[in-house]
Structures are given as C-alpha cells and as structure tokens.
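There's a structure below that I have some questions on.
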Protein chains: 2
Amino acid sequence: MTERLVSMLRASDLRVTRQRQLVWEVLQQSHEHLDAEAVHTCAKARDPNISLATVYRTLATLKEVGLVEEHRLGEEHAHFEIVPQTPHYHFTCQACGCIIEFDAPQVMQAVRELSKREDLLIQHVHLFLNGLCSQCQHQQEG
Amino acid sequence: MTERLVSMLRASDLRVTRQRQLVWEVLQQSHEHLDAEAVHTCAKARDPNISLATVYRTLATLKEVGLVEEHRLGEEHAHFEIVPQTPHYHFTCQACGCIIEFDAPQVMQAVRELSKREDLLIQHVHLFLNGLCSQCQHQQEG
DNA sequence: TAGCAAATGAGAATCATTTGCAAAAAGGAG
DNA sequence: CTCCTTTTTGCAAATGATTCTCATTTGCTA
Ligand SMILES: [Mn+2]
Ligand SMILES: [Mn+2]
Ligand SMILES: [Zn+2]
Ligand SMILES: [Zn+2]
C-alpha cells in the first residue's frame with residue numbers, strides 16, 4: 001500500500017514526506033470521494049500541523065504521478081479518490097447527494113474508436129451522470 | 001431562435017429581459033464553449049452596462065429552464081453552450097486547449113442500461129476526455 | 001553528519017461565483 | 001397609456017476554492 005506511494009514518488013524524484021504519506025493513507029482508508037477540506041480534516045487528526053495548502057499541493061502531486069484522480073461531481077469543488085484498479089464512472093443524485101459508481105465497457109470501447117479515428121492520445125476519461133436515485137424519485141414531497 | 005427563449009421563459013413565468021435575450025444571442029452566435037467572462041465580454045459589446053453578476057444569474061436561469069448546459073472541461077471555471085439538438089461529448093487537449101466534440105451512441109446505451117438496472121432517473125450525461133490532440137502528440141519539444 | 005534542494009506552514013492573494021440591497025424595468029389590470 | 005406589483009438588474013461586498021509567497025524545516029545523498 002505505502003509501497004506503491006513510495007515507489008511512484010521515487011520514480012519521479014519526489015521526496016517521501018510525512019505529509020504525503022498521511023494524505024495517501026487518508027485516501028486509502030476512506031473509500032469515499034473526499035474533497036480537499038475533508039482530506040485536511042482527516043489528516044489533521046493525525047498531524048494537527050498539516051496545512052490545507054499542503055493538502056492541495058499533495059493532491060496535485062499524487063494526481064500528477066498517477067496515483068489519484070480528481071472528479072467534478074456537480075459541485076463547485078473537486079473530489080478525490082485513489083486511481084482504482086478497474087476504471088469506473090459516477091452518478092450523483094441531485095436530491096440526496098448519494099454517489100453510485102458503475103462501469104460500462106461500452107464507454108472505453110467508444111473512447112478507443114474515437115481515439116483511433118481522430119488520432120487522439122487519451123489520458124483521462126470522465127463520465128459523470130446526475131439525476132435522481134431510486135429512493136428520491138419515489139418519495140413524495142413532504 | 002429567440003422564439004425558443006421567449007417560449008421557455010414564458011413557460012416558467014420568467015420575464016423576457018433585454019439581458020436574457022442578449023446572453024442568449026451571444027451563445028447562439030458563438031458556436032464555441034464560452035466561459036462566463038467571455039459571455040460577459042461579448043455581451044458588453046452590445047450593452048456596456050450588463051453586469052457579470054447578471055451574466056451568471058442568466059446562465060443559471062437558462063440552465064434551469066433547459067436551454068443551456070454547463071461543462072467542466074478540466075479548468076477551474078465552467079463553460080457554457082446551448083443545449084444541442086443531438087447530444088455530444090467533449091475532448092480537450094492538455095497542450096493546446098483545443099476542444100473536439102463527438103458523439104458515441106454506445107454511451108447513451110450504457111447509460112440507459114445503468115438507469116434501468118439501478119432505477120435511476122438520469123437528467124444529465126457528461127463524458128469528458130482529455131489527453132493530446134493529433135498535432136500536439138506529433139510535435140517535438142521546441 | 002553536513003549541505004543543498006525540495007517541501008511545508010501560515011497567511012495573503014487570486015480566481016470563480018454568489019449575495020444584499022436599492023434602483024430600474026417587465027408584465028398585467030384598468 | 002399609466003399605475004402597480006413583482007421580478008430583475010447593477011454594483012459592490014462577501015464567500016468559497018485554490019494557489020502563491022516566503023521564511024523555515026526536512027529529506028536525501030555524499
Ligand atoms: Mn462535495
Ligand atoms: Mn476556459
Ligand atoms: Zn437521492
Ligand atoms: Zn493539442
């Protein structure tokens with residue numbers, strides 16, 4: 001787990017700092033989609049001195065080395081998660097805010113076709129849906 | 001063209017103001033993906049008094065009535081375009097910033113399957129790719 | 001262990017977007 | 001067309017998210 005972090009940092013000539021390990025562990029332990037504030041809050045529980053600026057810097061660094069991805073889930077701020085083994089996409093409910101992750105192989109296939117047709121080098125694929133989840137659809141206005 | 005705007009506004013009991021028409025026309029005339037600043041700049045050419053706040057408010061209103069959609073194209077700010085006749089998705093080049101629009105029916109099909117399987121009501125579908133366009137891939141570092 | 005470059009903390013700065021409020025304008029009734 | 005009510009606007013200040021500056025600390029290598 002922290003192996004992966006250390007080797008990726010070393011490979012990019014980046015230093016293995018306490019703060020980077022901490023942010024990494026926070027992301028590993030919470031399998032949710034945390035925003036920067038939430039990462040900062042969790043991190044402070046173990047290192048009260050870690051600054052929000054460092055959290056932002058670290059998230060950017062981890063994104064650059066390919067360990068973390070950033071999602072825009074319809075809010076004004078970003079959410080982060082560790083790059084998953086198998087890629088997946090996101091749905092969020094406009095009413096309750098719940099997030100549903102899903103995969104759909106057709107998407108990558110469509111992307112591959114486009115990439116070939118237009119000679120594009122694709123680095124990231126974000127598919128984001130929103131609407132109403134099952135529960136929120138079927139409940140009357142109170 | 002402005003018919004559509006007027007009828008949608010009327011249908012929602014919203015007033016047809018000069019500013020709303022202006023923002024609408026700006027979006028119609030530029031078939032690009034403008035951000036709020038750009039809309040404001042274009043609008044000011046015809047009404048120097050229109051304020052940025054009104055542009056933001058108007059974009060939000062047009063989005064609510066379903067005339068405009070908002071895209072996150074990897075930058076910190078949002079871009080806007082008139083809801084297109086046929087839905088399409090976006091690729092942006094990390095190097096030159098160019099935007100390529102494309103469609104891929106497989107995507108909506110995958111979305112429909114998910115929607116059925118999970119009983120979701122899908123309101124918006126955003127597929128966003130980034131990477132390097134053909135030109136930027138094949139040019140050496142200068 | 002010493003030395004240097006990279007990383008951090010704290011706070012200010014910047015950028016994007018929203019809000020409060022008084023003044024202006026839209027739409028309906030007469 | 002005029003009056004009235006309510007919505008919308010402009011402006012400026014406020015907020016929220018993220019980045020930057022710079023003095024200080026720390027990781028890494030010799
Ligand atoms: Mn959030
Ligand atoms: Mn832009
Ligand atoms: Zn819900
Ligand atoms: Zn390019």
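Chain letters run A, B, ... following the sequence lines, proteins first, then strands; residues in each count from 1. All heavy atoms count here, side chains included; hydrogens, waters and symmetry mates do not.
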Item checked: CD-CD distance between A:Gln123 and B:Gln94, expressed to the nearest 0.5 angstrom -> 5.0 Å
Next item on the list: Among residues two or more places apart or on two chains, list those pairs meeting salt bridge (charged side-chain N to carboxylate O under 4.0 Å, His left out) that have a residue in residues 69-78 of chain A.
Entry: A:Lys63-A:Glu70, A:Glu70-A:Arg72, A:Arg72-B:Glu76, A:Glu76-B:Arg72
Notebook entry, point to check: When the distance from NE2 of B:His40 to P of D:dT9 is rounded to whole Å, what number comes out?
Noted result: 12 Å
Notebook entry, point to check: Taking only residues two or more places apart in sequence, or in another chain, which ones meet A:Glu37 in a side-chain hydrogen bond (donor to acceptor under 3.5 Å, both in side chains)?
Noted result: none
Note to self: Test of understanding: clusters of I, L, V, M, F, W, Y form through side-chain heavy atoms closer than 4.5 Å, transitively. Do A:Ile99 and B:Phe128 belong to the same one?
What the structure shows: no
Notebook entry, point to check: Side chains of B:Gln21 and B:Glu25: is there a donor and an acceptor less than 3.5 Å apart?
Noted result: no
Next item on the list: Please name all residues satisfying ring-ring contact (aromatic ring centres under 6.0 Å, His included) with B:His90, sequence neighbours left out, ordered by chain then number.
Entry: B:His33, B:His71, B:His88
Margin query: Can you pull out the residues from residues 14-37 of chain A that lie within a 4.0 Å heavy-atom distance of DNA chain C?
Written below: A:Leu14, A:Arg15, A:Thr17, A:Gln19, A:Arg20
Checklist line | Under the side-chain hydrogen bond (donor to acceptor under 3.5 Å, both in side chains) test, residues paired with B:Thr2 that sit two or more places apart | finding: none
Margin query: Run the ring-ring contact (aromatic ring centres under 6.0 Å, His included) test against A:Phe80 and tell me which residues pass, sequence neighbours left out.
Written below: none
Checklist line | For DNA chain C, the residues among residues 63-72 of chain B that have a non-hydrogen atom under 4.0 Å from it | finding: B:Arg72
Notebook entry, point to check: How far does the helix from C:dT1-D:dA30 to C:dG30-D:dC1 bend, going by the axes of its first and last five pairs, to the nearest 10°?
Noted result: 40°
Item checked: A:Asp13 CG to D:dT29 C1', straight-line distance once rounded to whole Å -> 12 Å
Item checked: Full working for side chain to side chain contact (heavy atoms under 4.5 Å, CB included) between A:Leu129 and A:Phe102 -> CA-CA 10 Å; A:Leu129 317 180; A:Phe102 65 97; 3.6 Å; yes
Checklist line | Separation of A:Glu32 CD from A:Glu81 CD (nearest 0.5 Å) | finding: 11.0 Å
Note to self: With a strict under 4.0 Å distance from non-hydrogen atoms of chain B, what nucleotide opens and what nucleotide closes the contacted stretch of DNA chain C, reading 5' to 3'?
What the structure shows: C:dA16 to C:dG27
Margin query: Taking side-chain contact (heavy atoms from CB on, under 4.5 Å) as the definition, give me every residue that meets it alongside A:Glu3, ordered by chain and number, with sequence neighbours left out.
Written below: none
Item checked: Inter-residue atom distance B:Gln19.CD - B:Thr58.OG1, 0.5 Å rounding -> 7.0 Å
Item checked: Close approaches to DNA chain C from residues 45-61 of chain A, in residue order (heavy atom, under 4.0 Å) -> A:Asn49, A:Ile50, A:Ser51, A:Ala53, A:Thr54, A:Arg57
Return all side-chain donor-acceptor pairs below 3.5 angstrom for residues 115-122 of chain B, not counting sequence neighbours, or 'none' if the list is empty.
from     : atom 1 : to       : atom 2 : distance (Å)
B:Ser115 : OG     : B:Leu120 : O      : 3.0
B:Asp119 : OD2    : A:Ser134 : OG     : 2.5
B:Asp119 : OD2    : A:His138 : NE2    : 2.8

Check: Yes or no on side chain to side chain contact (heavy atoms under 4.5 Å, CB included) for A:Val125 and B:Leu127, after CA distance, side-chain angles and deciding distance?
Finding: CA-CA 7 Å; A:Val125 178; B:Leu127 174 59; 4.0 Å; yes
Check: D:dT19 C1' sits how many Å from B:Glu75 CD, rounded?
Finding: 16 Å
Note to self: Please report the interatomic distance NE2(A:His40) to CG(A:Leu59), rounded to the nearest 0.5 Å.
What the structure shows: 11.0 Å
